[in-house]
Amino acid sequence: MKIGIIGCGKIAVKAHLPSFMAIPEAEVVSVADIDEEKAKYVAKKFGVRKYFKDYNYVINDKEIDLVDICTTPETHAKIAINAASNGKHILVEKPIASNVREAVEMIKVAKRNGVRLCVVHNFRYFSAMQGVKRSILEGRIGNVTSIQGVCHQHFPLRWSPRTWWFNQGGVIYDIGIHMIDAILWLAEDYPKEVYAVGGDYLNGMNCVNQASVLIEFSGKKVALCDFSWLTGRTIFSIWVHGTAGHIFSDMCFNHFYEAHGVPTPIDEIKNFSLKMFTFFKDLISGRFFLSSLAYHKPLIEKFIESIKSKEREPVTGEEALLALAVAEAIVQSINEKDKIDIMKMIQSKSGDKNLCV
Amino acid sequence: MASKVGVSLSDYTHIGDMLEKALNSYGFNLKGKRKVIIKVNLSEFRTPETGVITHPLFLDALLKYLRKFYDLDSIYVVESDSVVGLPDFFIRWFGFIPILQKWGAEYINLSKCGSVLRDIEGLHLKKIRVPEVFLDDAYFISLSKLKTSSITRMSCALKNQFGCIPIRWKSKYHPWINEVIADANLVFRPDFSIVDGIIGVGGVQGPSFGVPINARIFVYGEDPVAVDSVCAKIIGFNPSEIAYIKKSEKLGVGTTKYELVGESIKKIRRKFEFNRIEHLLLKIGFHLQQAYSRRYSRDSL
């Protein structure tokens with residue numbers, strides 16, 4: 001499969017390109033970036049044949065099957081719609097778009113042109129997250145009643161000197177969207193209503209840097225999550241409570257464990273041993289140091305497989321749309337100090353009153 | 001000859017009175033200068049109560065003192081951009097603007113104010129960019145924080161002048177950080193240094209992600225080398241094991257010999273939780289992470 005990558009920023013260099021390079025059936029044939037020097041540098045570094053300043057050359061290239069969009073969120077929709085119209089499959093970095101309206105349009109155009117659309121919500125591929133999902137699906141904790149997530153990350157100046165992210169919903173659209181996607185994925189349910197408190201807890205940062213959020217699902221379950229850019233340590237932990245037990249997971253150490261019945265010292269010893277085993281395994285393989293960057297590859301690999309086998313994408317456009325809708329609802333709820341009905345919001349923002357996700 | 005260094009106890013609630021008392025008893029004097037430059041620390045996106053950046057209440061107390069005792073034409077509060085520091089934003093987000101307005105002080109971003117290239121006889125640098133504000137005949141106060149550092153072990157008065165170098169990618173100097181700190185102090189030698197340790201930073205992940213230490217002290221003096229020597233003692237280091245203190249002394253920035261006024265060293269020594277084994281392991285881990293990350297992404301940047 002021939003790949004064209006648009007956007008040569010850090011996420012492309014640190015995650016997407018290394019992932020494609022490690023997948024035998026994928027070949028990156030061109031890269032594009034508005035900074036031509038950067039595109040040239042990246043092409044040379046990764047042995048890519050062609051580089052462009054204008055992304056339209058990638059989209060119009062007949063050789064290319066799949067376009068990978070690694071640009072900033074406000075450009076996703078325009079590029080994806082152009083690519084889909086040219087018959088290219090689309091892989092797009094999270095969030096799917098900068099707003100619900102654009103995301104709905106992207107999904108519609110992809111469907112109309114018979115191309116596949118997948119969004120990089122790679123946190124699903126942490127082995128701990130996969131383990132949590134497996135336990136839930138196997139019914140090991142009964143019916144899920146509530147999910148608690150803590151998603152803290154230091155303001156990501158170390159990641160990129162650019163500051164585009166704080167015009168776009170702050171922490172919610174940055175690392176927060178991964179937490180929202182993980183919760184929706186684990187809940188296996190439609191988010192009905194969202195209520196959030198928080199906002200800009202500094203002076204004039206003008207974006208959400210702290211939020212506590214309640215998500216009520218259509219079924220009998222609820223999620224409570226805390227998002228922050230203000231604390232100094234990365235925390236990405238999810239607790240899932242069910243009628244037959246609990247699952248505690250921590251993506252920083254790629255660790256999860258189930259808890260049933262009375263807490264005992266044996267439980268603690270077992271959990272500690274498991275945590276150390278995973279830690280040393282990840283340390284030796286280097287995954288510990290790469291953290292979430294190590295999980296782009298399995299998602300991309302699965303997407304390529306799904307295109308070939310015509311199976312469902314690992315993360316569909318609709319799933320990513322729901323995550324984005326929850327993110328948008330969080331910001332709206334903070335501003336309006338009221339709960340937001342997700343489906344009504346999607347219908348009103350997309351201008352399609354009959355739309356059903 | 002020993003340099004005089006003062007140490008006082010305070011919290012942020014009483015810092016106005018305590019700072020006034022401390023500076024007056026030290027004999028603080030602007031020596032007829034009518035302009036003052038205050039170099040603060042806004043080097044990282046951390047809120048003031050973490051101890052990482054200048055506390056607005058300390059700056060408020062210093063500006064109040066200067067306005068009360070001196071008839072000044074201008075007060076400039078300065079900081080420069082760094083890879084992880086956007087002072088233009090931090091000055092607003094962390095609540096400094098009302099304080100600057102209250103005392104008629106002007107904020108200047110050293111990376112954006114224009115600069116001249118100057119030759120120096122430094123240990124590493126032979127040329128250095130000097131921001132234009134430093135070309136004026138002004139009294140320079142270095143208002144720094146009392147912190148441990150994973151790179152230089154501690155970060156106090158002398159390290160603050162590293163932030164006077166106006167280029168953004170200062171991290172390129174990290175392999176020669178001790179020499180460059182000494183070189184920066186050759187050019188930007190403060191007339192007076194104040195180290196705010198009311199809330200300092202301890203642990204091995206300083207200066208940005210360490211443990212806030214409620215040390216309730218501040219250290220001050222005209223000689224930044226002597227001030228840092230006292231800070232080293234407070235944290236639990238021997239000044240001779242801090243490379244940039246030794247190198248600064250060698251360059252003639254100041255002396256490690258100090259005469260303490262105010263509190264005694266015994267009374268002010270604090271536990272800054274700097275475990276040397278943990279520090280070593282952290283350094284090994286950091287290098288491993290860099291190596292893995294570079295190998296994975298083929299990114300040599």
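Computed over heavy atoms, backbone and side chain alike; hydrogens, waters and symmetry mates excluded.
- Of all heavy-atom pairs spanning Tyr296(B) and Ser19(A), the tightest one is OH-OG, 3.9 Å.
- Listed here is the closest heavy atom pair of Asn203(A) and Arg92(B): CB-O, 3.0 Å.
- Residue-environment remark: CZ (Phe279(A)) exceeds the threshold of 12 foreign heavy atoms within 6.0 Å.
- More than 12 heavy atoms of other residues, nucleotides or ligands shown are found within 6.0 angstrom of NZ on Lys50(A).
- Heavy atoms from other residues, nucleotides or ligands lying under 6.0 Å from CZ of Arg276(B) number more than 12.
- Within the 4.5 angstrom heavy-atom criterion, only side-chain atoms of Phe90(B), from C-beta onward, approach chain A.
- For Ser293(B) against Leu290(A), the heavy-atom pair with the smallest separation is CA-CD2, 4.1 Å.
- Phe89(B) has its side chain out of reach of Met205(A): every pair of non-hydrogen atoms, C-beta onward, lies at least 4.5 Å apart.
- When atom types are taken as modelled, the side chain of His154(A) and the backbone of Phe45(B) share a donor-acceptor pair closer than 3.5 angstrom.
- How far OG of Ser285(A) is from OH of Tyr292(B): 7.0 Å, rounded to the nearest 0.5 Å.
- Surrounding CD1 of Ile277(B) are at most 12 heavy atoms belonging to other residues, nucleotides or ligands under 6.0 Å away.
- The CD atom of Glu44(B) lies 10.5 Å from the CZ atom of Phe155(A); values are rounded to the nearest 0.5 Å.
- At a 4.5 Å heavy-atom cutoff, Gln290(B) makes no contact with chain A through either its backbone or its side chain.
- Residues Pro18(A) and Ser297(B) come closest through the heavy atom pair CG-CA, 3.7 Å.
- Counting heavy atoms from C-beta outward, Leu86(B) and Leu157(A) have side chains that approach closer than 4.5 Å.
- Contact annotation for Ser208(B): only side-chain heavy atoms (C-beta onward) come within less than 4.5 Å of a heavy atom of chain A.
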